[in-house]
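Below is one structure; the comments refer to it alone.
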Amino acid sequence: MIKRRRTKKICVGNIAIGGNAPVSVQSMAKVDTRNVQAVVEQIKVLEDAGCEIIRVAVPDMEAANAIASIKKQIKIPLVADIHFNYKLAITAAKNGADKLRINPGNIGDISKVQAVVDVAKERNIPIRIGANSGSLPKELVCIKNIPEAMVKAALKHIQILEDMNFTNIVISLKASDVLTTLKAYKLMAKKVNYPFHLGITEAGTLLSGTVKSAVGIATLLQDGIGDTIRVSLASSPLDEVKVGYEILKSLKLRKKGPELIVCPTCGRCEINIFSIAKQVEEKIQNIKKPIKIAIMGCIVNGPGEAKDADIGIAGGKKLGLIFKHGKPFKKVDEENLVTTLLSEINKMI
Ligand code: SF4
């Protein structure tokens with residue numbers, strides 16, 4: 001079991017980040033925030049998939065005002081992502097944003113930062129601050145040690161808020177390079193007890209971004225570091241949520257829906273495992289209960305994995321032996337394997 005870093009608990013709407021709260025999964029809407037209908041439609045799909053916090057970009061006042069209508073139609077907490085313009089932050093907060101993503105050091109005049117802090121205090125909403133390796137302040141760009149520069153940049157933002165007696169803070173330290181990200185978070189973990197939002201920024205497309213995100217996020221989580229995650233993919237936000245849960249499930253930090261164990265097949269396999277696994281994966285997508293399903297090609301590892309799962313198959317010559325709760329249940333012809341397996345899974349859930 002992973003021993004998690006002890007942090008301050010911060011609440012984003014009804015979702016706690018840090019303290020002892022489960023590591024939450026978040027994503028970012030990828031449609032124009034000003035198009036309320038499109039944003040709401042996307043968020044609803046993400047809610048169904050288990051997304052727990054959604055962030056929207058707030059590039060202008062129209063987007064900040066759209067938050068009021070969006071909030072009325074969604075269930076999960078919403079984070080307003082703002083760069084530089086304090087008026088957008090204030091408007092987004094007043095329109096119901098549950099958290100602000102803004103760096104106080106980028107706002108400018110201290111009275112403007114104070115105005116943002118005042119509204120965040122009044123509405124009891126946190127602010128996520130952070131450093132991104134790609135947008136370090138000028139005076140820190142010359143530091144050769146990028147993780148150190150990122151931590152310094154974030155500490156400066158933290159200091160500004162703490163000087164205003166504001167500690168409702170979540171921190172992120174993102175880089176597109178995994179090793180830089182790991183070093184930055186590990187360094188920061190020694191310095192503050194605020195909860196961390198983890199992610200590898202601009203990680204890449206579905207395959208490469210998933211691998212990079214999984215390596216980066218899981219390495220930190222395994223060290224007990226990290227309280228909420230966003231997998232940043234050049235792909236649908238639905239993929240981000242799915243990958244996020246797969247990372248957390250693989251570390252046994254969250255339970256959600258089915259866990260599918262599938263053998264990669266080899267020359268011993270005499271049934272079409274790829275097709276069977278694909279069909280089963282599609283049909284079990286909406287199952288919310290945790291259930292372990294093994295789809296194995298032959299008797300070498302098949303019976304062992306199938307017995308270890310809640311339900312599984314071990315393939316034979318154009319047939320499969322179904323195991324339920326660790327015991328052989330029945331032999332089924334290949335053409336009826338998927339339907340029989342799905343029907344038994346449905347009975348079990
Ligand atoms: Fe090959 Fe059998 Fe292992 Fe699948 S379970 S990879 S078919 S040996």
Side-chain angles (χ1 to χ4, degrees), residues 10-13 15 17 26-36 38-40 42-43 51 53-72 74 76-137 150 153-164 166-174 194-197 199 201-202 228 230 232 237 240:
I10 299 295
C11 287
V12 184
I15 299 290
I17 299 179
Q26 51 179 290
S27 185
M28 186 160 187
K30 301 193 180 188
V31 286
D32 190 331
T33 309
R34 293 161 290 202
N35 185 342
V36 173
V39 180
V40 169
Q42 190 165 69
I43 296 175
C51 181
I53 299 171
I54 187 71
R55 182 157 49 111
V56 298
V58 181
D60 60 17
M61 206 43 94
E62 194 184 338
N65 282 321
I67 288 174
S69 314
I70 296 167
K71 276 287 295 175
K72 282 188 197 128
I74 64 170
I76 54 177
L78 178 145
V79 184
D81 188 298
I82 297 124
H83 283 275
F84 311 118
N85 188 333
Y86 80 110
K87 286 186 183 161
L88 298 181
I90 292 170
T91 305
K94 287 188 173 167
N95 278 323
D98 300 285
K99 180 177 162 199
L100 299 174
R101 164 71 186 104
I102 189 165
N103 279 337
N106 298 343
I107 292 176
D109 194 277
I110 205 72
S111 64
K112 293 175 182 170
V113 181
Q114 186 68 61
V116 174
V117 166
D118 287 347
V119 78
K121 275 187 187 168
E122 188 187 300
R123 303 189 71 91
N124 195 22
I125 60 173
I127 299 179
R128 168 156 75 91
I129 58 178
N132 191 311
S133 65
S135 54
L136 286 168
M150 289 165 69
L155 285 172
K156 270 181 92 171
H157 295 305
I158 294 170
Q159 193 61 54
I160 294 170
L161 294 186
E162 287 182 343
D163 287 347
M164 292 177 177
F166 187 87
T167 56
N168 202 0
I169 297 171
V170 178
I171 294 168
S172 61
L173 296 164
K174 295 188 178 181
Y194 296 116
F196 289 170
H197 165 123
T201 196
E202 297 116 22
T228 181
R230 189 248 171 145
S232 174
E240 296 186 354

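All residue numbers refer to positions in the sequence shown, counting from 1. Source: prediction; values computed, not measured.
The two residues A131 and A153 have their closest heavy-atom pair at CB-CB, 4.0 Å. Residues P126 and V12 approach most closely at CG-CG2, 4.0 Å, considering heavy atoms. Nearest heavy atom pair, residue A63 against residue V58, reads CB-CA, 4.0 Å. The two atoms that bring Y194 and I158 nearest to each other are CE1-CG2, 3.7 Å, heavy atoms only. Residues V39 and A29 come closest through the heavy atom pair CG1-CB, 4.3 Å. Listed here is the closest heavy atom pair of D60 and L88: C-CD2, 3.3 Å.
Side-chain atoms of I53 and I17, non-hydrogen and from C-beta on, do get closer than 4.5 Å to each other. Looking only at side-chain heavy atoms (C-beta outward), N65 and E62 stay at 4.5 Å or farther from each other. Counting heavy atoms from C-beta on, the side chains of I169 and H157 never come closer than 4.5 Å. Two residues are said to be in side-chain contact when any heavy atoms from C-beta on lie closer than 4.5 Å; P195 and T228 fail this criterion. Side-chain contact between K174 and M150 is absent, with no heavy-atom pair separated by less than 4.5 Å. Counting heavy atoms from C-beta outward, I90 and V116 have side chains that approach closer than 4.5 Å.
Note: H83 NE2 to I107 CD1 = 11.5 Å, rounded to the nearest 0.5 Å. How far CD1 of I171 is from CD1 of I129: 5.5 Å, rounded to the nearest 0.5 Å. Atoms OG and CD1, on S27 and I54 in that order, are 5.0 Å from each other to the nearest 0.5 Å. Note: M164 CE to I110 CD1 = 4.0 Å, rounded to the nearest 0.5 Å. In this structure, S172 OG and N132 CG are separated by 8.0 Å, a value rounded to the nearest 0.5 Å.
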Task: side chain to side chain contact (heavy atoms under 4.5 Å, CB included) between V117 and I160, intermediate numbers included - done: CA-CA 10 Å; V117 166; I160 294 170; over 6 Å; no

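With hydrogens and angles disregarded, a donor-acceptor distance shorter than 3.5 Å links the side chain of N95 to the backbone of A64. Not one N or O on the side chain of N168 forms a donor-acceptor pair closer than 3.5 Å with the backbone of I127.
Every pair tested for salt bridge (Lys or Arg N to Asp or Glu O under 4.0 Å) that includes a residue from residues 100-129 fails, sequence neighbours excluded, so the list is empty. Sorted by first and then second residue, the pairs that involve residues 78-99 and meet salt bridge (Lys or Arg N to Asp or Glu O under 4.0 Å), not counting sequence neighbours, are R55-D81, K71-D98.
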